[in-house]
Amino acid sequence: MEPVRQVEGRAYPFGQKNIDTDIIIPAHWLKTITREGLGQGAFEVLRKEDGNVFDDERYAGAPILVAGDNFGCGSSREHAAWALIDMGVKAVIAPSFSDIFSSNAFKNGILTVVLPQEQVDRLVEVAQTETIAIDLESQTVTTPFQDRFSFEIDPFRKACLLDGLDEVGLTMASDAAIGKYEMQLAASRPWMARGTGLAA
Amino acid sequence: MASKPRTLYEKIWDEHVVERRDDGTCLIFIDRHLVHEVTSPQAFEALRIAGRKVRRPDLTLAVPDHNLPTTARLDASGARLPIADQESAQQLAALEHNVAEFGIRYFHATAREQGIVHVVGPEQGFSLPGSTIVCGDSHTAAHGGVGALAFGIGTSEVEHVLATQTLLLKRSKSMEVRVEGELGTGVTPKDVILHVIGRIGAAGGVGHVIEYRGSVFEQMSVEARLTVCNMSIEGGARAGLIAPDDTTFAYLKDRPFAPRGEQWEQAVAYWRTLRTDEGAEFDRSVLIDAADIEPSVTWGTSPEDVLPITGVVPAPESFADPSKQKAARASLDYMGLEPGQRLTDVAVQNIFIGSCTNSRIEDMRAAAEVLRGRKVHPNIRWGIVVPGSGLVKAQAEAEGLDRIFIEAGLEWREPGCSACLGMNPDKVPAGERCAATSNRNFVGRQGPGARTHLMSPAMAAAAAVTGHLADVRDLAKEPA
């Protein structure tokens, strides 16, 4: 994962609530066996509507998406995060995110910023004409109009994003602890350790 | 810690902590990992690139379900028929290659055990009480029906579990959904969970794990509990679970991967401790009177858009929240509905009985009971019944249910996810309406422009017979 420190630029002033991952990337795009090229399918249904923000020249290639409550709800498909990356989105700002989407976004180095509804509304307004800047180190979102909003982020996620850490590699460093747990499990709950009955 | 009363969720969590970091992030051991063809290829590829192995292939079970066509899979000579869609065929081939390379137990596309991953897990006794279960699919929450902590994960997490058999997680908040009393006639487990989602909203459970408690859930069969927990994600909760009890143990006994002999006794003794302690606190509690729940349907494009079948399409202005008003306007436009229209006047052209929510034998029986001796209405252009697994299919056929469906005018198909998400050829045409027993009424979910109304198997059968959304209680009054 590439380190993330700042994301600055134009932002799609989207703002719709309950946007599910079927909307972000419809199921027929999920037949791929790679992570690439999904930007073409991103928001496919919404892009058929006249005046949609995704085809508006002002926001073309914007690195930020300002979204509504419960963004990324529904299916666990990580293709939604891959599609956003492929269309150039590096950060999403919303009043709330679905738990699975926010985890998927994080694993792919997309910054998810949670702000109260009224601040998100303000950013939707600002985004029509101006750029937005997100600074992960100081946990702030700023605009050219001197708006300055602070956001919370899990310290572990923040550190991983800033350093671009490979989480699997990180966990593999706990190999001994996992091995110890497995030994205990085999003794205390042998029926769980049995699994499908194949040798490990 | 021993003295503080704990919720069921906290007990399962504590039992699975491998390491606790200073910031509260925990490395959690995963007991069971289910894998299907859609969300796994990139994870296996990442293992290959990094030269990593699957740590516990013995705790991993793979089965294809999302992509498979539900038409015949074997020709007259018993040979496997090819999948026409090249991309689907490629994805299935990738799974077959990956399970062979990494040594994972696999139910192939034409095996009797094949089916929807969330039907297969409990059916095989692979999903057990008190276990942590993950799968690259948000409806993994279903396995909470056997008293497991089960949740959907993304492909990067699939890779993480394959490589380490753990996940890095922070403990969620806990929510109690308590339903007490007696369910009315015609009110099914699906109506209960639709009602709950309508109450808490599609984002109501974000950041929470739900425990369903109270007499209604205690009296439910395991299959009913799987239906309820399955849709926890539609209420925003990554997981939902129900404490295991004698009903659970009776369901699991003698299933292929369930413990046997002395280990069975040991397991049951442990499972009996898996209950929320007296005095344990939930971060949030929702109390519902069973008598308030009616046979329900969705009218919009979010699973929170739920109403009793006796209701009328709501006016967008009737919602207090301006963003909900806007969403309701867009929903009604997409769904082609007018405010004030009676739900029972809404004509449907397609019927889908299936999905990981409602494709088990009890669902098949409930739909068949309504359809027995009846014919589908001429309005219905396409109607399919898709059993959740090969074993459900065989059981239904042994009971003659397939004949009831076919004689009524519905198609009896091979197991898979099918028209729930339309990744395979089973899709609802644009602008047409479908009475569906699945879990999502999202825009375009069942095909571009398709209009989905979610409901129980009995209600979908009632819609099939009448050609419109219908109250199954009215049908029960008329002789077939």
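In what follows, chains are A, B, ... by sequence order, proteins preceding strands, each numbered from 1.
Using a 4.5 Å cut-off between heavy atoms, B:Ser172 does not touch chain A at all. Using a 4.5 Å cut-off between heavy atoms, B:His66 makes no contact with chain A at all. Using a 4.5 Å cut-off between heavy atoms, B:His33 does not touch chain A at all. Using a 4.5 Å cut-off between heavy atoms, B:Asp85 touches chain A through its side chain atoms alone. When heavy atoms are compared at a cutoff of 4.5 Å, B:Ala163 approaches chain A by way of both its backbone and its side chain. For a residue to count as touching a neighbouring chain, one of its non-hydrogen atoms must lie under 4.5 Å from one of that chain's; by this rule B:Ala258 touches chain A with the backbone only. For a residue to count as touching a neighbouring chain, one of its non-hydrogen atoms must lie under 4.5 Å from one of that chain's; by this rule A:Thr21 does not touch chain B. Only the backbone of B:Val17 comes within less than 4.5 Å of a heavy atom of chain A; no side-chain atom from C-beta onward does. For a residue to count as touching a neighbouring chain, one of its non-hydrogen atoms must lie under 4.5 Å from one of that chain's; by this rule B:Ser323 touches chain A with backbone and side chain alike. In this structure, chain A has heavy atoms under 4.5 Å from both the backbone and the side chain of B:Arg445. Heavy atoms closer than 4.5 Å to chain A are found in the side chain of B:Asp321, but not in its backbone. Heavy atoms closer than 4.5 Å to chain A are found nowhere in B:Gln124, neither backbone nor side chain. If you measure heavy-atom distances from B:Pro256 to chain A, the contacts under 4.5 Å come from the backbone alone. At a 4.5 Å heavy-atom cutoff, B:Leu167 makes no contact with chain A through either its backbone or its side chain. Contacts of A:Pro26 with chain B are absent, with no heavy-atom separation under 4.5 Å from either backbone or side chain.
Of all heavy-atom pairs between B:Arg440 and A:Ser75, the closest is NH1-N, 3.1 Å. In terms of heavy atoms, B:Gly136 sits closest to A:Ser76 at C-OG, 3.5 Å. Between B:Arg21 and A:Phe156 the shortest heavy-atom distance is NH1-CE1, 4.4 Å.
Using a 4.5 Å cut-off on side-chain heavy atoms (C-beta onward), A:Val168 and B:Leu47 make no contact. With a 4.5 Å cut-off on side-chain heavy atoms, B:Asp137 and A:Arg77 do not count as touching. A 4.5 Å side-chain heavy-atom check between B:Glu157 and A:Asn104 finds at least one atom pair inside the cut-off. B:Gln86 is not listed as a side-chain neighbour of A:Lys31, based on a closest heavy-atom distance of 4.5 Å or more. Contact of the B:Val443 side chain with the A:Asp22 side chain is not registered, since no non-hydrogen atoms from C-beta on lie closer than 4.5 Å. Counting heavy atoms from C-beta on, the side chains of B:Thr155 and A:Trp82 come closer than 4.5 Å. For the pair B:Asp31/A:Leu185, a side-chain contact is recorded, criterion being any heavy-atom separation below 4.5 Å from C-beta on. Residues A:Thr196 and B:Thr60 form no side-chain contact, since every pair of their non-hydrogen atoms from C-beta on lies 4.5 Å or further apart.
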- Task: Show the numbers, then the answer: is there a side chain to side chain contact (heavy atoms under 4.5 Å, CB included) between B:Ile153 and A:Glu78?
- Result: CA-CA 9 Å; B:Ile153 56 177; A:Glu78 195 162 317; over 6 Å; no

- Task: Begin with the C-alpha distance, continue with both residues' side-chain angles, and end with the deciding distance and a verdict on side chain to side chain contact (heavy atoms under 4.5 Å, CB included) for A:Met172 and B:Arg52.
- Result: CA-CA 10 Å; A:Met172 289 187 95; B:Arg52 289 167 178 156; 3.3 Å; yes

- Task: Go through the steps to decide whether B:Ser156 and A:Arg35 satisfy the test side chain to side chain contact (heavy atoms under 4.5 Å, CB included), and finish with yes or no.
- Result: CA-CA 11 Å; B:Ser156 294; A:Arg35 300 172 193 235; 3.9 Å; yes

- Test log, rule side chain to side chain contact (heavy atoms under 4.5 Å, CB included), inputs A:Ile178 and B:Glu19: CA-CA 8 Å; A:Ile178 300 169; B:Glu19 271 185 346; over 6 Å; no

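The distance from atom CZ of B:Phe151 to atom OG of A:Ser103, rounded to the nearest 0.5 Å, is 9.5 Å. With values rounded to the nearest 0.5 angstrom, A:Thr171 atom OG1 is found 5.5 Å from B:Leu27 atom CG. Here B:Gln91 contributes atom CD and A:Ile33 contributes atom CD1; the two are 8.0 Å apart, rounded to the nearest 0.5 Å. Between the CG atom in B:Leu168 and the NZ atom in A:Lys107 there is a gap of 6.5 Å [rounded to 0.5 Å]. Atom CG of A:Asp99 and atom OG of B:Ser138 lie 12.0 Å apart (nearest 0.5 Å). One distance of note links CD of B:Glu304 with CG of A:Asn18; it measures 5.0 Å at 0.5 Å rounding.
Under a 4.0 Å N-O distance rule, the pair A:Asp154/B:Lys170 qualifies as a salt bridge. B:Arg55 has a carboxylate O that lies under 4.0 Å from a charged side-chain N of A:Asp175, or vice versa, which qualifies the two as a salt bridge.
For B:Arg32 (side chain) and A:Met192 (main-chain N/O), a donor-acceptor pair under 3.5 Å exists by modelled atom type. No donor-acceptor pair closer than 3.5 Å links the side chain of A:Arg189 to the backbone N or O of B:Ala267.
Of all the listed residues (A:Val45, A:Ile100, A:Asn108), the one sharing the greatest number of non-hydrogen pairs under 4.5 Å with chain B is A:Ile100.
Classified by interplanar angle (parallel below 30°, tilted 30° to 60°, perpendicular above 60°), the ring pair A:Trp191/B:Tyr270 is tilted.
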